[in-house]
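Reading through the structure tokens given below for one structure.
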Amino acid sequence: GNFSKVPIIVGTNANEGFLFSFMNPFQGPSHETFASFAKHYAGPSRMSDIRRTYGSVNSELDGRLATSKLMGDALFECPTRMFANKVEQLNPNSVFFYRFSRDRRTVQSLFHKATNAIWDAFEQSS
């Protein structure tokens with residue numbers, strides 16, 4: 001842990017995986033598509049955990065939503081939390097975690113990079 005021991009802010013957006021869910025290389029009916037994708041990504045031994053976490057996939061919409069959630073968790077949520085936990089171990093009470101869930105101007109859930117304008121505005125005001 002050779003780093004500046006100062007407070008940090010880390011976080012994610014509620015729908016981080018939305019844009020990345022279109023990269024699913026598996027095509028076909030939603031249940032089989034999501035199962036193939038999840039098995040390829042997490043491994044066959046983790047499929048019961050996958051089903052428990054992401055629920056049943058019975059339609060194309062269910063498949064897209066589950067794929068989006070899995071991508072967001074795998075690419076952003078889990079690594080961000082692992083990083084925050086490690087920093088917290090090395091520098092207690094120094095990590096502040098945010099989770100943007102929606103833009104108040106719309107009913108849409110925020111996806112990856114949707115909060116860049118907020119951080120840009122913050123940076124310009126300091």
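Scanning for side-chain hydrogen bond (donor to acceptor under 3.5 Å, both in side chains) contacts around Ser94 gives Asn91, with sequence neighbours left out. By the side chain to side chain contact (heavy atoms under 4.5 Å, CB included) test, Ser59 is found to be paired with Leu61, Asp62, residues two or more places apart in sequence or in another chain being considered. With sequence neighbours excluded, the residues that form a side chain to side chain contact (heavy atoms under 4.5 Å, CB included) with Ala42 are Arg46, Ile50. Residues passing the side-chain hydrogen bond (donor to acceptor under 3.5 Å, both in side chains) test with Ser56 are Asn58, sequence neighbours excluded.
Separation of atoms OG1 (Thr12) and CG (Leu75) is listed at 12.0 Å; rounding is to 0.5 Å. Summarising the geometry, atom CG belonging to Leu90 is positioned 11.0 Å from atom CG belonging to Asn85; distances are rounded to the nearest 0.5 Å. Taking OG of Ser68 as the start and CE of Met71 as the end, the distance is 9.0 Å to the nearest 0.5 Å.
Using a 4.5 Å heavy-atom cutoff, the side chains of Lys69 and Asp73 are in contact. Proximity of Asn13 to Phe76: side-chain heavy atoms (C-beta onward) are nowhere separated by under 4.5 Å.
Through direct or indirect side-chain contacts shorter than 4.5 Å among Ile, Leu, Val, Met, Phe, Trp and Tyr, Val6 is connected to no other residue.
Taking both residues in full, the closest heavy atoms of Tyr54 and Ala66 are given as CD2-O, 4.2 Å, listed atom of the first, atom of the second, then distance. Residues Phe97 and Ala84 approach most closely at CD1-CB, 4.5 Å, considering heavy atoms.
When the side chains of ILVMFWY residues are joined at heavy-atom separations under 4.5 Å, either directly or via intervening members, Val57 and Phe37 end up in a single hydrophobic cluster.
Enclosure of atom CZ in Phe83 is not indicated, since only 12 or fewer non-hydrogen atoms of other residues, nucleotides or ligands lie within 6.0 angstrom.
Looking only at distances, a side-chain donor or acceptor of Thr67 sits under 3.5 Å from a matching main-chain atom of Gly63.
Pairs of residues two or more places apart, or lying in two chains, that qualify as salt bridge (charged side-chain N to carboxylate O under 4.0 Å, His left out) and include a residue from residues 78-90 are Glu77-Arg81.
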